[in-house]
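Heads up, the thing below is written out as structure tokens.
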Amino acid sequence: MSDVKSIIFEYDYNDTGHDNYTPYVVDPKTLPCEIKPLAPAAAVALCLILIAIFFLAISGNLLVGWVISTSRQTLTPSDVYLFHLTIADGLMALTLPFWAVALINGWIFGDFMCKVLSLVTDANFYTSILFLACISVDRYLVIVRASESLRSRQRMCSRLLCAAVWAFGSALALPALFNDAFKLDSDSERMVCSEHFDIGSATSWRRATRGFHHIFGFLLPLIIMVTCYSITIARLLRTRGFQKHRAMKVIIAVVIAFLLCWAPYHITMIVDTLLRADLITFDCAFRRALTLALVITHNLALFHSCINPVLYAFVGEKFRNNMTRLLQRKARQERMSGSKFSRSTSQTSEGSGAVL
């Protein structure tokens, strides 16, 4: 009788003349477990961080896109992938003001915007890591399997591959259409924009979508990147005076930044999936802490949309040189705007490619 999880009910059966005690065990998952919103100070802090990320991401990615698109050099496949990665980061950054407002006032933009913005966020998340995987494969082919005929074929195929990545990433993001604006608590007026499965088994749908998210959005691309870069770095370490070390520094920095931003969120999501699948013992305090961790790590992951331009500026020497030349060319053209023709700037000294 002292166990709070067991309540014993007594039944009197007249036909037997004996008392029968039937234990009733309360499922702890059915007990009320109120998920509280962020504290006002924490919500305001995260909101300001998202607004800052928005301005940095938009300006930084516009700058990187301008440098790559206006380069007079022949773009390498990696440059093409990085350009599309910049587009993905910029599109994801455009959704940040909406999530920032939702932190303060809850979701006030309705079901349609909830679905659209969730779809844009998830699609660009998938395309980002898929383009990073493409870059790792391209660096492997260029450095380990170097061949002029292979390079020409890669340039022709890179744009087709970009279209395939966008299509595949958008298809993987389609479960975001299950997101709805709804109230977590009937006693609260605060709305949230989150997954809301209302067909079939919600648990089965959630497990399936989470599985795709973990496999195609993190584990499989990570395995490809680790494999390709491990072989590539091993080859570079055996090669002296190899001029592509600088490009490798940029790419490795981009991959590490992606992992630092997205790995905490994926780890938290995996723990949440295991908890929902009853592979981790349910505990209300743990459930609340995990929900808070999902909010924090998701906002940390969004920081990735502005970090790549910073990496190019501080790590990529070729990017800085190209940006300097473009600024000088623009200034020269403005000074000579009265004339019909202006002299072209000098060519870059280190092969082709705008960034790598």
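Sequence positions, counted from 1, serve as the residue numbers for this chain. What you see is a predicted model; the values in this text were computed from it and never measured.
- A heavy-atom distance below 4.5 Å is not found between the side chains of Y81 and V165.
- Applying the side-chain hydrogen bond (donor to acceptor under 3.5 Å, both in side chains) criterion to H84, with sequence neighbours excluded, gives W166.
- Rounding to the nearest 0.5 angstrom, the gap separating the CD1 atom in I296 from the OG1 atom in T268 is 9.5 Å.
- Contacts of L274 classified as side-chain contact (heavy atoms from CB on, under 4.5 Å), with partners at least two apart in sequence or in another chain: I270, L279, I280.
- Every residue meeting the side-chain contact (heavy atoms from CB on, under 4.5 Å) condition with P97, not counting sequence neighbours, appears here in chain and number order: F54.
- Here the side chain of N61 pairs a donor or acceptor atom with the backbone of S305 at under 3.5 angstrom.
- Side-chain atoms of R288 and L292, non-hydrogen and from C-beta on, never get closer than 4.5 Å to each other.
- Residues I267 and T297 have side chains not in contact (no heavy-atom distance under 4.5 Å, counting atoms from C-beta outward).
- Nearest heavy-atom pair across F303 and C261 is CD2-SG, 4.1 Å.
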What donor-acceptor contacts under 3.5 angstrom involve side-chain atoms of residues 122-130, with partners at least two apart or in another chain?
{"unit_1": "N124", "atom_1": "ND2", "unit_2": "V120", "atom_2": "O", "d": "2.6"}
{"unit_1": "Y126", "atom_1": "OH", "unit_2": "H213", "atom_2": "ND1", "d": "3.2"}
{"unit_1": "T127", "atom_1": "OG1", "unit_2": "A123", "atom_2": "O", "d": "3.0"}
{"unit_1": "T127", "atom_1": "OG1", "unit_2": "N124", "atom_2": "O", "d": "3.1"}
{"unit_1": "S128", "atom_1": "OG", "unit_2": "N124", "atom_2": "O", "d": "2.7"}

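- Side-chain contact between L222 and W262: absent, with no pair of heavy atoms (C-beta onward) separated by less than 4.5 Å.
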Audit row: L260, L300, side chain to side chain contact (heavy atoms under 4.5 Å, CB included) steps and yes/no: CA-CA 9 Å; L260 290 177; L300 171 66; over 6 Å; no

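- Judged purely by distance below 3.5 Å, without hydrogens or angles, the side chains of D79 and T76 pair a donor atom with an acceptor atom.
- Side chain of W66 to main chain of S69: no donor-acceptor pair is present (N/O by atom type, distance under 3.5 Å, no hydrogens or angles).
- Two residues are said to be in side-chain contact when any heavy atoms from C-beta on lie closer than 4.5 Å; V142 and T232 fail this criterion.
- Residue pairs meeting the salt bridge (charged side-chain N to carboxylate O under 4.0 Å, His left out) criterion with at least one partner in residues 107-116, sequence neighbours excluded, are K115-D180.
- T227 is linked by a side-chain contact (heavy atoms from CB on, under 4.5 Å) to I223, I231, counting only residues two or more places apart in sequence or in another chain.
- Nearest approach of S194 to F182, heavy atoms of both residues: O-CE2, 3.6 Å.
- Taking Ile, Leu, Val, Met, Phe, Trp and Tyr as hydrophobic and joining them when side-chain heavy atoms fall under 4.5 Å apart, one finds L48 in a cluster with V44, I104.
- Between L132 and P221 the shortest side-chain heavy-atom distance does not fall below 4.5 Å.
- Looking at heavy atoms from C-beta onward, L294 lies in side-chain contact with Y265 at the 4.5 angstrom threshold.
- Partners of F98 under the ring pair (Phe, Tyr, Trp, His ring centres under 6.0 Å) rule, at least two apart in sequence or in another chain, are F109.
- The structure places OG1 of T86 at 5.0 Å from CD1 of I68, a figure rounded to the nearest 0.5 Å.
- Going from atom SG of C228 over to atom CG of L141 covers 7.5 Å, rounded to the nearest 0.5 Å.
- In this structure, L177 shares a hydrophobic cluster with L119, L174, the cluster being traced through Ile, Leu, Val, Met, Phe, Trp and Tyr side chains under 4.5 angstrom apart.
- Applying the ring pair (Phe, Tyr, Trp, His ring centres under 6.0 Å) rule to F216 yields the partners F168, F212; only residues at least two apart in sequence or on another chain are considered.
- For L290 against D272, the heavy-atom pair with the smallest separation is CD2-CA, 3.4 Å.
- Taken to the nearest 0.5 Å, the CG atom of L82 stands 3.5 Å off from the CD1 atom of I135.
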Trace of the side chain to side chain contact (heavy atoms under 4.5 Å, CB included) decision for R139 with S78: CA-CA 8 Å; R139 292 294 88 190; S78 288; 3.2 Å; yes

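- Within the 4.5 Å cutoff, no side-chain heavy atoms of C306 are placed close to those of F55.
- Distance check: S230 OG to R235 CZ gives 14.0 Å after rounding to the nearest 0.5 Å.
- Qualifying side-chain contact (heavy atoms from CB on, under 4.5 Å) partners for L219, counting only residues two or more places apart in sequence or in other chains: none.
- Taking both residues in full, the closest heavy atoms of A102 and R190 are given as O-NH2, 3.4 Å, listed atom of the first, atom of the second, then distance.
- For the residue pair G217 and H266, the shortest heavy atom distance occurs at O-NE2, 3.7 Å.
- S118 is linked by a side-chain hydrogen bond (donor to acceptor under 3.5 Å, both in side chains) to N179, counting only residues two or more places apart in sequence or in another chain.
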